Engineer: 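Structure incoming, see below.
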2 protein chains.
Amino acid sequence: MEETAITIYDVAREANVSMATVSRVVNGNPNVREATRAKVLEVIDRLDYRPNAVARGLASKKTTTIGVVIPDISDTYFATLARGIDDIATMYKYNAIIANSDSDDKKEVHVVNNLLAKQVDGVIFMGNRITDSVRAEFSRSRTPVVLAGTVDGDEQFASVNIDYVSASREAVNQLAKSNKKVAFLSGPLVDEINGQRLAGYKEALKENKLKYTEALIFESKYSYEDGIAIAERIKNSGATAAYVANDELAVGLLNGLLDLGLEIPEDFEIITSNNSPVTNYTRPSISSIEQPLYDIGAVAMRLLTKLMGKEEIEEKTVILPHGIVEKNTTK
Amino acid sequence: MEETAITIYDVAREANVSMATVSRVVNGNPNVREATRAKVLEVIDRLDYRPNAVARGLASKKTTTIGVVIPDISDTYFATLARGIDDIATMYKYNAIIANSDSDDKKEVHVVNNLLAKQVDGVIFMGNRITDSVRAEFSRSRTPVVLAGTVDGDEQFASVNIDYVSASREAVNQLAKSNKKVAFLSGPLVDEINGQRLAGYKEALKENKLKYTEALIFESKYSYEDGIAIAERIKNSGATAAYVANDELAVGLLNGLLDLGLEIPEDFEIITSNNSPVTNYTRPSISSIEQPLYDIGAVAMRLLTKLMGKEEIEEKTVILPHGIVEKNTTK
DNA sequence: ATGAAAGCGCTAACAT
DNA sequence: ATGTTAGCGCTTTCAT
């Protein structure tokens with residue numbers, strides 16, 4: 001908003017053309033004589049004209065803005081996804097309004113509403129689960145939605161993830177090779193993503209002829225402190241290994257166990273889930289499932305551009321490959 | 001954008017009032033009879049009317065959206081600032097468009113332009129320095145700008161920071177108590193923020209009657225790997241302590257020195273700058289300057305709301321308090 | 001307290 | 001190739 005903003009009308013008058021022609025030039029419409037285009041461009045440059053995106057949005061019903069619902073932008077996991085989203089968004093000339101939800105049901109509904117009121121062309125939703133109210137909100141809007149790193153059992157929405165079941169199965173398989181008692185440590189099991197991880201854990205136990213017991217299942221929050229706090233209980237459970245659903249939690253568990261005098265990985269093995277940088281900072285560094293977080297965001301955004309462009313989608317449930325990186329918390 | 005979006009006009013017709021009245025109700029204008037308000041509200045609820053923020057923006061010249069220029073949202077330092085910004089923005093009913101700049105001059109100008117085209121009501125700018133072209137871009141716009149965690153020597157813009165000179169002086173003072181050779185490790189010294197840190201370093205040397213030598217100044221990128229890579233050079237410099245400008249860099253240095261067989265803090269002391277969670281994850285945990293990152297973002301956003309509301313500002317250069325947290329990389 | 005009407009700055013038919 | 005003219009959905013005077 002300049003002192004006295006230059007409008008398309010000012011440019012038209014100065015260039016002796018109609019505003020339609022200026023609009024055509026601005027939008028790269030080929031139906032403009034080269035000489036005319038040059039003149040308009042010159043005036044645009046001289047007057048330093050900057051098209052008002054809000055007016056454009058109202059007239060065209062396209063805002064070139066997307067909404068991103070994210071639990072917490074200061075959480076590296078989501079921030080990495082967000083970076084992937086924003087890079088691709090920028091590539092396709094979109095801007096991203098980022099709204100923190102804290103995975104709170106009420107806030108989620110609120111921010112989604114807000115985003116839709118702002119007429120975003122699409123939404124990328126991240127969370128641990130997708131509630132019915134959010135689902136309803138999206139359903140009665142025609143705005144395309146893509147879930148990133150978020151599991152939707154109903155497959156109502158397009159989504160980009162890795163195969164969490166397989167990933168955790170592989171991780172637990174690795175641990176079960178040399179441990180009879182493998183603990184499972186995650187955030188709330190009601191979150192669908194953790195449910196999938198638990199399913200993978202159970203599959204691995206079965207494959208290794210180990211029996212499942214709730215005594216080895218630990219539910220917690222996703223924080224370093226929670227990891228520290230739960231270390232003693234896990235040690236006392238008799239487990240000699242743990243698959244952990246979150247890196248900060250894993251770091252906490254590692255340091256907690258170290259504080260209790262355990263040798264890692266000799267006495268206890270750990271595999272975590274996101275292979276974020278912190279897994280390399282600890283001593284020993286933490287073995288982890290490796291997942292392409294940035295790419296999940298990037299692919300989700302690319303998918304969204306297709307949806308917004310009404311392109312045909314070959315497969316709306318995208319599964320990206322994962323791996324296991326062995327570092328120093330496994331033998 | 002619903003199937004057939006319902007507009008203020010639909011509500012007006014259904015409630016037998018004019019759109020002006022609906023507008024008044026929506027905007028909480030008191031000049032509406034209670035009965036009328038109730039009826040309108042009922043219709044709004046029944047039709048599930050959601051005011052179009054784009055149209056509002058065009059008519060009122062206020063978008064209730066701010067722009068946030070950030071070097072990299074996946075960098076915890078900035079992500080924490082961003083979280084503070086977004087929380088206060090939400091509190092004041094603003095949304096934030098977040099644009100990554102990678103601290104790249106060209107990108108910065110580009111995203112700022114873009115943000116202004118979108119008619120954001122204000123901008124929060126984060127970076128290591130503020131270039132002339134960005135400065136120019138902001139200058140010829142009337143959009144309020146606040147710098148967060150970003151030093152502007154010219155004090156042209158409102159800003160929120162800690163006193164980097166004092167903070168690094170205190171950190172180095174602490175190290176100089178028991179070390180004759182204290183290294184200084186930072187990102188590019190052309191970045192004003194590092195210039196201030198260096199100034200503090202020099203002051204501390206002087207206070208401790210140590211002489212300044214370029215042999216102890218190390219310039220690097222801001223990454224873990226760079227910290228690892230530079231460890232040997234720092235060790236060979238004869239330094240027995242280092243003040244580091246970035247936490248990831250400090251973690252790298254710590255692990256690098258550990259790999260070289262040094263005992264920390266016995267053989268080498270380290271103090272870093274941001275006290276981010278990773279400083280607690282390492283063994284030993286890293287002593288650090290403590291700065292209120294979240295608050296810097298929050299206060300910057302609060303300041304911006306005042307600027308946008310044309311309120312009087314008592315002091316546009318805000319300095320927040322800092323501290324030093326002694327952990328286990330100092331004796 | 002309420003309504004009528006004029007824009008906000010632009011796009012998108014439709015004409016020419 | 002270019003111009004004319006309706007809107008887009010809302011806010012905001014100005015009347016009443």
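Here the structure is a predicted model, which means the values were calculated and not measured. Throughout, a chain's letter reflects where its sequence line sits, starting with A, and its residues are numbered from 1.
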Engineer: If you check every side-chain atom of Lys61(B), which of dC8(C), dA1(C), dT11(C) has the closest atom?
Structural biologist: dC8(C)
Engineer: May I ask you to check whether over 12 heavy atoms, not counting those of Gln156(A), lie within 6.0 Å of atom CD?
Structural biologist: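 Atom CD in Gln156(A) is packed in, count exceeds 12.
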Engineer: Apply ring-ring contact (aromatic ring centres under 6.0 Å, His included) to Tyr77(B) and list each qualifying residue two or more places apart in sequence or on a separate chain.
Structural biologist: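 Not a single residue meets the ring-ring contact (aromatic ring centres under 6.0 Å, His included) criterion with Tyr77(B).
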Engineer: Tell me which residues in residues 24-32 of chain B put a heavy atom below 4.0 Å from DNA chain D, sorted by number, or none.
Structural biologist: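 Output list: Asn27(B).
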Engineer: Thr36(B) has a side chain; which of dT2(C), dT11(C), dG9(C) sits nearest to it?
Structural biologist: dT2(C)
Engineer: At under 4.0 Å between heavy atoms, what does Ser23(B) touch on the DNA or RNA strands: base, sugar-phosphate, or nothing?
Structural biologist: base
Engineer: Could you pull out all residues at least two apart from Phe157(A) that satisfy ring-ring contact (aromatic ring centres under 6.0 Å, His included)?
Structural biologist: Phe138(A)
Engineer: May I ask you to list the residues of residues 7-15 of chain A, by number, that have any heavy atom positioned under 4.0 Å from an atom of DNA chain C?
Structural biologist: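 Heavy-atom contacts with DNA chain C come from Thr7(A), Ile8(A).
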Engineer: Could you work out how much the helix from dA1(C)-dT16(D) to dT16(C)-dA1(D) bends, comparing the axis of its first five pairs with that of its last five, to 10°?
Structural biologist: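 Inter-axis angle at the termini of the helix from dA1(C)-dT16(D) to dT16(C)-dA1(D): 30°.
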Engineer: Taking side chain as C-beta onward, heavy atoms only, is Pro144(B) less than 4.5 Å from Leu304(B)?
Structural biologist: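 Yes, side chains in contact.
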Engineer: Is the backbone N or O of Leu147(A) less than 3.5 Å from a side-chain atom of Thr150(A), with the two atoms forming a donor-acceptor pair by type?
Structural biologist: no
Engineer: For DNA chain D, which nucleotides open and close the run of contacts to chain B, 5' to 3', at under 4.0 angstrom from a non-hydrogen atom?
Structural biologist: dG9(D) to dT12(D)
